[in-house]
Amino acid sequence: MATTKNQDELTLLLPLINQLTSIEHRESVLLELSKKREIFSDLAPILWHSVGTISALLQEIVSIYGSLSPPTLTAHASNRVCNALALLQCVASHQETRSLFLNAHIPLYLYPFLNTQSKNRPFEYLRLTSLGVIGALVKMDDSEVINFLLQTEIIPLALRIMESGTELSKTVATFIVQKIVLDELGLNYICATAERFYAVSTVLSNMVQNLVTHPSVRLLKHIVRCYLRLSDNMRAREALRQCLPDALQDNTFAVALKDDATVTKWLSSLLFNISQEGVGQGGGGQGGPVLTHDLS
């Protein structure tokens, strides 16, 4: 039965994928494949191993670079490239193709999209879809992914979106930072220097202050999880005693979190962690200088 199903998939897929290399048919095929990507279990490896297919998807991406600055991207062009990005997300999340995707450095092709700042809808859709590709990578809990991303500019790019994006883009960007810091490599990287730690903690703090007036439990969940993970590092914990927002310590979000036992537990664990006495407290009493001394 499984073999029959696979044969049926191939019968439907191969003619479509073969048309991706045709300029004339590519736009309609991108739309059709992006809509049906969830039902084709072998779409990712077939995309990767078909001659010219990945090159065609990358052509779609680089073809709109000229529309990024000055910002002239149209909704039609944005939708088209996002369909190509949706197919790349399949490749990024598939176990068989994920390492190949990384080794080809394909995520770097998306960074110009993450670096845009226009608030226009086509740009926001482009950023959100690009974040989705990176989110699919980090969701796999694979240290190879984290190691790759830490060698790129993903953290500053994500932090910028966390500060200025829409709520949905902020949520996905914060999720990416959360998954990075949950990995031991990511936690050690962020806590290796005071500059990195405060870059992350300052953005998180600003987001918390914004949530006081514009609540979002979904976004708060990822922020609290980031803080909790940072508190696993002793030197970061020392700094958090000084820079953790008051709103996370004074029941400001108690009503918002009353129905979310998980986040409430995370917040309690965070507050417990930073209340514990740790090493390195004799170095001046202020979180910033102590962290700078310890981590430099």
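The figures here come from the full heavy-atom set of this structure, side chains too, leaving out hydrogens, waters and symmetry mates. By convention here, the first residue in the shown sequence is residue 1.
Both Phe123 and Ile161 belong to a single network of hydrophobic side chains, linked directly or stepwise wherever heavy atoms of I, L, V, M, F, W or Y lie under 4.5 Å apart. Both Ile39 and Val91 are members of a single hydrophobic cluster when ILVMFWY side chains are connected at heavy-atom separations under 4.5 Å. Hydrophobic clustering (ILVMFWY, side-chain heavy atoms < 4.5 Å, transitive): Met162 and Leu187 are in one cluster. Under the 4.5 Å side-chain contact rule for hydrophobic residues, Met140 and Leu85 do not share a cluster. With hydrophobic clusters built from ILVMFWY side chains whose heavy atoms lie under 4.5 angstrom apart, Leu204 shares a cluster with Val217.
More than 12 heavy atoms of other residues, nucleotides or ligands shown are found within 6.0 angstrom of OH on Tyr111. Counting heavy atoms of neighbouring residues, nucleotides and ligands inside a 6.0 Å radius, atom CD of Glu195 does not exceed 12 of them. For CD of Gln209, the number of neighbouring non-hydrogen atoms (other residues, nucleotides, ligands) closer than 6.0 Å is greater than 12. Counting non-hydrogen atoms of other residues, nucleotides and ligands closer than 6.0 Å to OH of Tyr109 gives a total of 12 or fewer.
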Problem - Stepwise side-chain contact (heavy atoms from CB on, under 4.5 Å) test for Ile176 and Ile180 - result: CA-CA 6 Å; Ile176 291 169; Ile180 289 174; 4.1 Å; yes

Practice task
Give the C-alpha distance, both sets of side-chain angles, the deciding distance and a yes or no for side-chain contact (heavy atoms from CB on, under 4.5 Å) between Asn115 and Arg160.
Solution key: CA-CA 8 Å; Asn115 201 35; Arg160 176 188 289 179; 2.6 Å; yes

Handout entry: Stepwise side-chain contact (heavy atoms from CB on, under 4.5 Å) check, Val138 with Phe175
Key = CA-CA 9 Å; Val138 299; Phe175 170 76; 3.9 Å; yes

Exercise for the section: Please report the C-alpha distance between Arg80 and Glu60 in whole Å, then the side-chain angles of each, then the deciding distance to 0.1 Å, and finally whether the side-chain contact (heavy atoms from CB on, under 4.5 Å) criterion is met. Expected result: CA-CA 8 Å; Arg80 175 168 171 162; Glu60 290 295 307; 2.6 Å; yes

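In this structure, OG in Ser169 is found 9.5 Å from CG in Leu114, a value given to the nearest 0.5 Å.
Taking every heavy atom of both residues into account, Cys243 and Ser205 meet most closely at O-OG, 4.5 Å. Scanning both residues, Gly132 and Val172, for their nearest heavy atoms gives N-CG1, 4.4 Å. Shortest non-hydrogen contact noted between Lys170 and Gly165 is CE-O, 3.1 Å. When all heavy atoms of Arg237 and Asn273 are compared, the closest pair comes out as CD-O, 3.0 Å. Closest approach of Arg196 to Tyr189, counting heavy atoms only: NH1-O, 3.0 Å. Closest heavy-atom contact between Leu182 and Arg229: O-NH2, 3.2 Å.
No side-chain heavy atom of Lys119 sits less than 4.5 Å from a side-chain heavy atom of Glu124. Using a 4.5 Å cut-off on side-chain heavy atoms (C-beta onward), Ile134 and Leu157 make no contact. Residues Leu102 and Pro107 form a side-chain contact, since some pair of their non-hydrogen atoms from C-beta on lies under 4.5 Å apart. At least one side-chain heavy atom of Leu47 sits less than 4.5 Å from a side-chain heavy atom of Leu87. In this structure the side chain of Leu20 reaches within 4.5 angstrom of the side chain of Leu33, judged on heavy atoms. Side-chain contact between Phe253 and Val263: absent, with no pair of heavy atoms (C-beta onward) separated by less than 4.5 Å. Here the side chains of Asn103 and Phe148 are not in contact, with every heavy-atom distance at 4.5 Å or above. The shortest distance between side-chain heavy atoms of Ile46 and Thr53 does not fall below 4.5 Å.
A side-chain contact (heavy atoms from CB on, under 4.5 Å) with Val208 is found for one member of Thr252, Leu248, Asp246 and no other, namely Leu248.
The closest side-chain donor-acceptor pair between Glu27 and His76 falls under 3.5 angstrom. For the 3.5 Å distance criterion, the side chains of Gln117 and Ser164 fail to qualify, holding no donor opposite an acceptor.
Side chain of Thr97 to main chain of Leu100: no donor-acceptor pair is present (N/O by atom type, distance under 3.5 Å, no hydrogens or angles). A donor-acceptor pair under 3.5 Å links the side-chain atoms of Thr264 to the main chain of Leu257, judged by distance alone. Judged purely by atom type and a 3.5 angstrom limit, Gln249 uses its side chain to pair as donor or acceptor with the backbone of Leu244.
A cation-pi contact, defined as under 6.0 Å to the ring centre and within 45° of the axis, is absent between Arg127 and Phe113.
Classification of Asp142 and Arg98 as a salt-bridged pair holds, one side-chain N sitting under 4.0 Å from a carboxylate O. Classification of Arg218 and Glu167 as a salt-bridged pair holds, one side-chain N sitting under 4.0 Å from a carboxylate O.
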